[in-house]
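Because the structure is a prediction, the values reported are computed rather than measured.
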Amino acid sequence: MKLRTIFVACCTILALASTVLAQQDQASARSPDRITKEVRHELLMLPYLGVFDNLAYKVDGNNV
């Protein structure tokens with residue numbers, strides 16, 4: 001009975017670990033999109049910019 005409990009616990013830990021690793025891979029793949037959205041948001045929040053101001057930026061990995 002104790003061996004079965006240990007086996008179930010190990011399987012649960014492995015399943016959770018694989019889920020976390022899969023989510024980290026997806027998060028790193030979406031990282032440039034997230035950075036792009038954050039930069040756009042910060043630029044839109046600048047108080048003295050209007051519709052006639054031309055701002056351009058490029059995201060290259062972790063560099064903006």
Side-chain angles (χ1 to χ4, degrees):
M1 186 67 164
K2 186 171 185 158
L3 184 60
R4 182 176 179 198
T5 304
I6 292 173
F7 178 74
V8 170
C10 288
C11 288
T12 304
I13 291 171
L14 287 174
L16 290 173
S18 65
T19 303
V20 168
L21 289 175
Q23 288 177 352
Q24 286 178 347
D25 290 340
Q26 290 176 352
S28 65
R30 289 183 286 172
S31 182
D33 293 333
R34 182 185 57 81
I35 292 172
T36 301
K37 287 180 182 179
E38 287 184 15
V39 169
R40 181 180 182 277
H41 174 74
E42 291 298 323
L43 289 175
L44 290 174
M45 301 313 291
L46 292 173
Y48 298 109
L49 294 178
V51 293
F52 298 109
D53 294 317
N54 184 20
L55 296 176
Y57 63 94
K58 181 176 101 174
V59 177
D60 183 25
N62 289 334
N63 297 324
V64 179

Going by side chain to side chain contact (heavy atoms under 4.5 Å, CB included), name the residues that satisfy it together with L49, two or more places apart in sequence or in a different chain. L46, D53, L55
According to the side chain to side chain donor-acceptor pair (under 3.5 Å) rule, which pairs have a member within residues 38-47, sequence neighbours left out? R34-E38
If you group Ile, Leu, Val, Met, Phe, Trp and Tyr whenever their side-chain heavy atoms sit less than 4.5 Å apart, what else falls in with V51? F52
